[in-house]
Undergrad: 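Sending over a structure as C-alpha cells; questions will come in a sec.
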Amino acid sequence: MKHLLGVDRWKINSVLLKVLQVSSEKGLELYDIYEEKNLVFASVPVHQRKKFSRLFPQASLIETNGVLGFFFRNMKKPSRVISFLTCLSVWWFLSQFIFILDISGDSLTIKEQLITVLKKNYGQIPFYSLKEDEIEELIHSKMPSLNWIEADIEGSRLKIRFTSQNQIEEEKIGDQDLIAQYDGVIAGFDLQHGNKCVNVNDIVKKGDVLVSSILLDSFQKEKHVMVKGRVFAFTWKTIEVSSKNDAIPKPVQFFRLLLNAREQVSKDFLKDDRIENENILQFEEKAGTIRMKIHYTIYRDISSPV
C-alpha cells in the first residue's frame, strides 16, 4: 500500500535482465518495466528511492506520479504555493474563532447570565482566541455562586456545562406529578421514583401526565409515591430569522442567520437538551431582506417547567 503515495519513473542505462536480477535479490518493487534502445524504463515506489539510487547510480529520475508527485509538481509553481499558504493562513485564522456557543445546566436564568457575562467580556459571537481555563476563571469570578463549571472548546464550538449551588441545596424528592410541557414523542427516562404513565415512542400532548405520584397496589388501592426524575422527548419547532442584505458574501450571511436561529431555538434548553436535526426549509432574498426558515427536531426534557 505504500506505493499509493507515489511512484518514481526511472530511466536506467543498463540491460533489462541485470535490472531484474538485482531487483529480485534486493527486494525492489518494479512496475511497468520495459527495455527500449538499450535503456530500461521502470517505475519504483517513492519509499524505495534511496535504495534504488544506491543500486543503480547510473539511473536518472524522469518524473514522480501519485500523491507526492502531484504535491511536488504544484510546489514548483509560485501561484500554487501562494494559494496553498493563503489557504493555510485563512484556515488557521478562522480556527481561532468560536462560532457556536453551547451552554447546558440546571437553570435557565443562570444560562442567560452566563451568555451576558461572555458577551460583555468577549463581545458578540464569533469570539476570538479563547482558552478553557481563562473562561472558567472568568465565570467563577463573575458568578461565584455556581457550584461547578466546565468549559470545553471543540473546534469552533464552545461548550459550557454548569451546576448551580441553589439547585443542589434545593434538590429533593417531590410529590407532584411530572406533566408534559410540550407536545412530543417520548424518547427516554431519567427516573428514580414515580409511576410511569407513558412509554418510549408514545405520542404525548402538553398537559399530559408523564409520571404519576399515584400507584395502584395489588388490591387496586391507590398508594401515594414520591416522584423524582426527568422525561425526555423529541419535539419540533420552526424558527424564522431575517437580516438586511448587505455587502457580506452570501455564504457568510447564510452562516450568520443559521447561528442566530440556533441561538433562538436553544435559549430555553435545560441540562442534556440538544438539537437532534436541523432542516432548512427556506433561504431567500426579497426586497433587500434575506429570510431563512428552519425546522428543528429537538431532544429535550419535557417534564420540567421552563
Side-chain angles (χ1 to χ4, degrees), residues 93-132 134-136 138-139 142-143 146 149-164 181-184 187 232-246 248-286 289-302 304-306:
F93 178 71
L94 292 178
S95 68
Q96 306 302 306
F97 286 89
I98 298 296
F99 291 97
I100 302 174
L101 180 60
D102 183 0
I103 301 178
S104 59
D106 52 27
S107 170
L108 178 59
T109 301
I110 292 180
K111 178 179 177 180
E112 293 174 348
Q113 292 175 358
L114 281 172
I115 294 174
T116 301
V117 167
L118 292 172
K119 290 184 176 181
K120 184 176 180 180
N121 286 271
Y122 301 117
Q124 295 292 326
I125 291 177
F127 300 140
Y128 176 72
S129 188
L130 301 185
K131 296 181 179 179
E132 291 99 333
E134 293 179 357
I135 296 171
E136 293 175 1
L138 170 67
I139 295 175
K142 299 294 184 180
M143 304 176 66
L146 287 180
I149 182 76
E150 182 180 60
D152 289 312
I153 295 178
E154 299 177 356
S156 61
R157 180 189 296 268
L158 170 60
K159 299 180 69 174
I160 297 178
R161 295 176 290 276
F162 69 89
T163 302
S164 66
Q181 307 298 315
Y182 302 91
D183 298 348
F232 293 91
F234 294 114
T235 66
W236 300 270
K237 191 172 185 178
T238 299
I239 297 292
E240 294 187 35
V241 290
S242 63
S243 68
K244 290 185 178 180
N245 186 15
D246 47 32
I248 298 177
K250 283 290 191 299
V252 178
Q253 295 187 55
F254 176 91
F255 192 58
R256 186 172 60 184
L257 287 175
L258 189 62
L259 291 178
N260 188 8
R262 289 175 180 175
E263 185 176 356
Q264 288 190 34
V265 78
S266 62
K267 65 182 179 180
D268 57 353
F269 275 11
L270 302 175
K271 184 180 180 181
D272 297 325
D273 291 357
R274 65 176 183 267
I275 294 173
E276 190 71 19
N277 191 31
E278 186 177 56
N279 185 20
I280 299 174
L281 304 178
Q282 182 182 28
F283 181 69
E284 65 173 7
E285 177 187 352
K286 187 175 182 181
T289 301
I290 295 181
R291 293 182 173 83
M292 177 184 286
K293 181 186 290 186
I294 307 175
H295 181 73
Y296 286 97
T297 301
I298 305 168
Y299 176 88
R300 72 188 314 159
D301 173 8
I302 66 167
S304 300
V306 179

Undergrad: Side-chain contact, heavy-atom cut-off 4.5 Å: Gln113 with Ile110?
TA: yes

Undergrad: Could you check whether any side-chain heavy atom of Asp152 comes within less than 4.5 Å of a side-chain heavy atom of Arg161, counting everything from C-beta outward?
TA: yes

Undergrad: Which value, rounded to the nearest 0.5 Å, describes the distance between Thr235 atom OG1 and Gln181 atom CD?
TA: 12.0 Å

Undergrad: To the nearest 0.5 angstrom, please state how far the CD1 atom of Ile115 sits from the NZ atom of Lys119.
TA: 6.5 Å

Undergrad: If you look at every heavy atom in His295 and Leu281, which pair is closest and at what distance?
TA: CB-CD1, 3.8 Å

Undergrad: Would you say that Asn245 contacts Thr289 through its side chain, given a criterion of any heavy-atom pair below 4.5 Å between the two side chains?
TA: no

Undergrad: Going by heavy atoms in the side chains, are Leu257 and Leu259 under 4.5 Å from each other?
TA: no

Undergrad: Test salt bridge (charged side-chain N to carboxylate O under 4.0 Å, His left out) on Lys111 and Asp268 and set out the steps.
TA: CA-CA 9 Å; Lys111 178 179 177 180; Asp268 57 353; over 6 Å; no

Undergrad: Return the minimal non-hydrogen interatomic distance between Ala151 and Ile135, and the atom names on each side.
TA: CB-CG2, 4.0 Å

Undergrad: Could you list the residues that satisfy side chain to side chain contact (heavy atoms under 4.5 Å, CB included) with Glu154, not counting sequence neighbours?
TA: Lys159

Undergrad: Knowing that exactly one of Asp301, Ile298, Ile302 qualifies, which makes a side chain to side chain contact (heavy atoms under 4.5 Å, CB included) with Tyr182?
TA: Ile302

Undergrad: Who passes salt bridge (charged side-chain N to carboxylate O under 4.0 Å, His left out) against Asp183, sequence neighbours left out?
TA: none

Undergrad: Side-chain contact test, heavy atoms from C-beta onward, threshold under 4.5 Å: evaluate it for Gln253 versus Asp246 and give yes or no.
TA: yes

Undergrad: From Leu138 CG over to Met143 CE, what is the distance, rounded to the nearest 0.5 angstrom?
TA: 10.5 Å

Undergrad: Start with the C-alpha distance between Ile100 and Leu158, add both sets of side-chain angles, then the distance that settles side chain to side chain contact (heavy atoms under 4.5 Å, CB included), and finish with yes or no.
TA: CA-CA 6 Å; Ile100 302 174; Leu158 170 60; over 6 Å; no

Undergrad: Starting at CZ of Arg262, measure out to CD1 of Ile239 and round the result to the nearest 0.5 Å.
TA: 13.0 Å

Undergrad: Please determine whether salt bridge (charged side-chain N to carboxylate O under 4.0 Å, His left out) holds for the pair Lys293 and Glu278, giving the CA-CA distance in whole Å, both sets of side-chain angles, and the decisive distance to 0.1 Å.
TA: CA-CA 11 Å; Lys293 181 186 290 186; Glu278 186 177 56; over 6 Å; no

Undergrad: So, do Ile275 and Val265 sit near enough that their side-chain heavy atoms are less than 4.5 Å apart?
TA: yes

Undergrad: Would you call Arg291-Glu284 a salt bridge at under 4.0 Å N-O?
TA: no

Undergrad: Closest approach of Asp102 and Arg157, non-hydrogen atoms and distance?
TA: OD2-NH1, 3.8 Å

Undergrad: Return yes if some donor-acceptor pair links the side-chain N/O of Glu240 with the main-chain N/O of Ile294 below 3.5 Å, else return no.
TA: no

Undergrad: Is the shortest heavy-atom distance from the side chain of Met292 to the side chain of Gln282 under 4.5 Å?
TA: no

Undergrad: Enter the distance from Thr297:OG1 to Trp236:CH2 here, rounded to the nearest 0.5 Å.
TA: 7.0 Å

Undergrad: Could you check whether Arg256 pairs with Glu263 (Lys NZ or Arg NE/NH1/NH2 to Asp/Glu carboxylate O, under 4.0 Å)?
TA: no

Undergrad: Distance check, rounded to the nearest 0.5 Å: Lys286 atom NZ versus Ser242 atom OG?
TA: 13.0 Å

Undergrad: When you measure from the side chain of Asp273 to the backbone of Leu270, do you find a donor-acceptor pair of N or O atoms at a distance under 3.5 Å?
TA: yes

Undergrad: Salt bridge check, Asp272 against Arg300: does any charged N sit closer than 4.0 Å to a carboxylate O?
TA: no

Undergrad: Is it the case that the side chains of Glu276 and Tyr299 hold a donor-acceptor pair, with the cut-off being a distance below 3.5 Å and no angle test?
TA: no

Undergrad: Could Lys267 and Glu112 be called an ion pair, given the rule that one side-chain N must be under 4.0 Å from one carboxylate O?
TA: no

